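Shown next, in structure tokens, is the structure this report addresses.
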Amino acid sequence: MKEHIPLEEGDFYFSEEGYRVFTEQYLLKRGYCCESGCRHCPYGYNPKTNSRP
């Protein structure tokens, strides 16, 4: 089971469509790439090629 990381200010914002968008700050705290094509992925994942640099 993955560790629960409490959300803090600056970890996410809501898009115009109402979706929660995680920021680079949160994704770095999480510590790994989920390979879901996150908008602010600090790990460089490319969903089109399914690869990271």
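The figures here come from the full heavy-atom set of this structure, side chains too, leaving out hydrogens, waters and symmetry mates. Just so we're clear, the structure is a prediction, and the values are computed from it rather than from any experiment.
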Practice prompt. May I ask you to decide if Phe12's main-chain N or O and Gln25's side chain share a donor-acceptor pair within less than 3.5 Å?
Written response: no
Discussion item. For Pro47, is there any backbone N or O sitting under 3.5 Å from a side-chain donor or acceptor partner on Asn50?
Written reply: no
Discussion item. Between Arg52 and Glu35, does any side-chain N to carboxylate O distance fall below 4.0 Å?
Written reply: yes
Worksheet item: Should the ring pair Tyr26 and Phe22 be called parallel, tilted or perpendicular, given that the plane angle runs from 0 to 90° and is split at 30 and 60?
Response: parallel
Discussion item. Working note: Leu27 + Glu24, criterion side-chain contact (heavy atoms from CB on, under 4.5 Å); need CA distance, chi angles, decisive distance, verdict.
Written reply: CA-CA 5 Å; Leu27 298 173; Glu24 182 177 359; 5.6 Å; no
Return the [atom1] to [atom2] distance between [X] and [Y], rounded to the nearest 0.5 Å.
X     : Y     : atom1 : atom2 : value
Leu7  : Arg20 : CG    : CZ    : 6.0 Å
Ser36 : Tyr45 : OG    : OH    : 7.5 Å
Thr23 : Lys29 : OG1   : NZ    : 7.5 Å

Worksheet, complete the sentence: Residues joined to Val21 in its hydrophobic cluster, side chain to side chain under 4.5 Å directly or through other members, sorted by chain and number, are Tyr13
Practice prompt. Start with the C-alpha distance between Arg30 and Glu3, add both sets of side-chain angles, then the distance that settles salt bridge (charged side-chain N to carboxylate O under 4.0 Å, His left out), and finish with yes or no.
Written response: CA-CA 9 Å; Arg30 188 174 64 187; Glu3 179 183 347; over 6 Å; no
Item to complete: Could you tell me whether Tyr19 atom OH has more than 12 heavy atoms of other residues or ligands within 6.0 Å of it?
Response: no
